[in-house]
A.B. asks: 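First, the structure itself, so that you have it in front of you.
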Number of protein chains: 2
Amino acid sequence: MKTAHPPTVSAIRPEDNHLLAALAPCTLARLLPRLKFAHLSLGQVLYEPDVEMRQVYFPTDCIVSLLYVMQDGASAEIAVVGNEGVLGVSLFMGGESTPSRAVVQSAGGAFSLPRLAVKEEFNRHGELMHLMLRYTQSLITQMAQTAVCNRHHTVDQQLCRWLLMSIDRLSCNRLLMTQELIANMLGVRREGVTEAAGKLQKLGVITYKRGKIEVLDRGRLEVLSCECYAVVKRETDRLLNRKPRQH
Amino acid sequence: MKTAHPPTVSAIRPEDNHLLAALAPCTLARLLPRLKFAHLSLGQVLYEPDVEMRQVYFPTDCIVSLLYVMQDGASAEIAVVGNEGVLGVSLFMGGESTPSRAVVQSAGGAFSLPRLAVKEEFNRHGELMHLMLRYTQSLITQMAQTAVCNRHHTVDQQLCRWLLMSIDRLSCNRLLMTQELIANMLGVRREGVTEAAGKLQKLGVITYKRGKIEVLDRGRLEVLSCECYAVVKRETDRLLNRKPRQH
DNA sequence: AATACCATGTACGTTACCGCACATAGTGGA
DNA sequence: TCCACTATGTGCGGTAACGTACATGGTATT
């Protein structure tokens, strides 16, 4: 068997997740005893469609995709969640499951919180509730924009957006990700990604090599991306009031 | 000026909205004094992007589209809301606005409830809160599926889905809707809709004439539609537990 | 009844993406 | 060192939807 990469222990504190970090100390203190750190590996499935979720996850340095897989096997990414958010919103929204699947797209850490603990704290109707609901709205924005993007924008633009969303959720400009996997997320052919990525490399915006992608010119990536990236970013910043003005 | 159609007064009771109907009598009684009935006309804009909402709307027999309009004027429908739901979820989710716009797609009635009244009742953390959150999850499902649909399905299939979603929210099989408007919702060319609708008419599934569409064979429409319609319907039924099993 | 407008039909070249087939080149394990 | 595997590159015909242009035929206004 291939030697697993030693779980790069870089972000292991609850505060590495922005939502947990935003909680008042006393709220966080209540949760701490029940928060469990876990390393999530590439490809790991956190939730299967229509199966009751057993816990929420607060990513610290992993990235998780919400994917819908169709009957014929084709797939499409609905949203992506990293250290800015939480997985399993259906637990407090009341549905307990969704028709989509949650797959780890970039290995890393996350804190899990059991279902009961989530509901208990949510039912205090305090800051955690309000924070979770606001985050859920930002997730809604992301999904809505994904719908728009899928309708109107080219693969080239969508790849730019996807890369930006990914590096925003990591601490560095590199990601471990094959074109095949990106194609799965975007719901396009692998060859389409090869072509789009080739153009970006030729432009000097990224470099890549067998599953390792590095973003060289973030600014240019933003220009080449469609407006969807900025719309979601602005709205997310607004909702979770991270610096109302970022310039 | 063209004589406005006399506001067809067909659904004017709060219980004509499924969410209001699901509330316990005492809860509804609290809301009643502040619920205001209004006739919403075709094309009316309920919310503008990024503008604070002033009330929620519970449709009784109108249909409202959540639309995102891009910088270049192109648009795409994100979700559709009728008597099964409520408009303005951002008011209780905490964001107060969204980047999208809400436009009346089919004229009809709705009850509005002022912002403060919504928050007051929501903050009781009772059945209204739970109902609204579950509805919001069903809205999330719809948006997610719209993203998938935009990625993978043909205009033909999407038109079928769109027609089904529309007549589900009306009491009859007819809708007043030009192909131009449908094209705006789907985010495709008007000619594309003409072609798709032409095929459906040739098959005897619908008939239409200058802005009047009638569905003749609902069953066939479901077969011709993509799986997205059924996924959203099943999930919505589950979440708002309207007959857990519908067969 | 005449007219202006609007909804729909149709045609045609263009483009983005698909499906498929196959070539090339790193990489890890035997 | 060799081999098998995986990731990426490339070419080609097919197709769905686009942009544009224009024709036809209802409907409302005068």
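All figures in this text were calculated on a predicted structure; none of them were measured in a lab. Per chain, numbering begins at 1; letters A, B, ... match sequence-line order.
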A.B. asks: With a 4.5 Å limit on heavy-atom distance, are the side chains of Tyr135(A) and Leu239(A) in contact?
C.D. replies: no
A.B. asks: Atom CD1 of Ile182(B) and atom C1' of dG9(C): how far apart are they, to the nearest Å?
C.D. replies: 16 Å
A.B. asks: Please examine the side chains of Leu176(A) and Lys212(A), heavy atoms only from C-beta on, and report whether any two atoms are closer than 4.5 Å.
C.D. replies: yes
A.B. asks: Considering just the side-chain nitrogens and oxygens of Gln179(B), establish if one lies under 4.0 Å of OP1 or OP2 belonging to dC6(C).
C.D. replies: no
A.B. asks: Rounded to whole angstroms, how far apart are CD on Gln157(B) and C1' on dA17(D)?
C.D. replies: 14 Å
A.B. asks: Between the side-chain atoms of Arg210(A) and the base atoms of dT8(D), is any donor-acceptor pair under 3.5 Å?
C.D. replies: no
A.B. asks: Given atom CG of Leu159(B) and atom P of dA17(D), what is their separation to the nearest angstrom?
C.D. replies: 11 Å
A.B. asks: Hey, does the side chain of Tyr208(B) come within less than 4.0 Å of dG26(D)'s phosphate (OP1/OP2), counting only N and O?
C.D. replies: no
A.B. asks: Nearest nucleotide by nearest heavy atom, which residue falls closer to the 5' end of DNA chain C, Arg189(A) or Lys209(A)?
C.D. replies: Arg189(A)
A.B. asks: Which residues in residues 142-153 of chain A have at least one heavy atom lying under 4.0 Å from any atom of DNA chain C?
C.D. replies: none
A.B. asks: dG9(C) P sits how many Å from Lys199(B) NZ, rounded?
C.D. replies: 13 Å
A.B. asks: Rounded at 0.5 Å granularity, tell me how far CG in Leu66(A) sits from CE in Met185(A).
C.D. replies: 10.5 Å
A.B. asks: Distance-only, no hydrogens or angles: does the Tyr47(B) side chain make a donor-acceptor pair with backbone N or O of Leu87(B) under 3.5 Å?
C.D. replies: yes
A.B. asks: Find the distance Lys202(B):NZ to dT10(C):C1' and express it as a whole number of Å.
C.D. replies: 11 Å
A.B. asks: Looking at dC20(C), does its base get a donor-acceptor pair with the side chain of Glu191(A) below 3.5 Å?
C.D. replies: yes
A.B. asks: Rounded to the nearest angstrom, tell me the gap between atom CG in Leu175(A) and atom P in dA7(D).
C.D. replies: 15 Å
A.B. asks: For Glu195(A) and dC12(D), give me the distance from atom CD to atom C1', rounded to whole Å.
C.D. replies: 13 Å
A.B. asks: Within the structure shown, what part of the strands sits under 4.0 Å from Gly211(A) by heavy-atom distance: base, sugar-phosphate, or nothing?
C.D. replies: sugar-phosphate
A.B. asks: If you define the side chain from C-beta out and look only at heavy atoms, does anything of Val80(A) sit under 4.5 Å from Gln142(A)?
C.D. replies: yes
A.B. asks: Taking the six-membered ring for Trp, are Phe37(A) and Phe111(A) ring centroids under 6.0 Å apart?
C.D. replies: yes
A.B. asks: Tell me: CD of Gln201(A) to P of dT10(D), nearest whole Å?
C.D. replies: 11 Å
A.B. asks: So how far is it from Arg220(A) CZ to Ser225(A) OG, rounded to the nearest 0.5 Å?
C.D. replies: 14.0 Å
A.B. asks: Record whether the side chain of Arg190(A) comes under 3.5 Å of the base of dG9(D) through a donor-acceptor pair of N or O atoms.
C.D. replies: yes
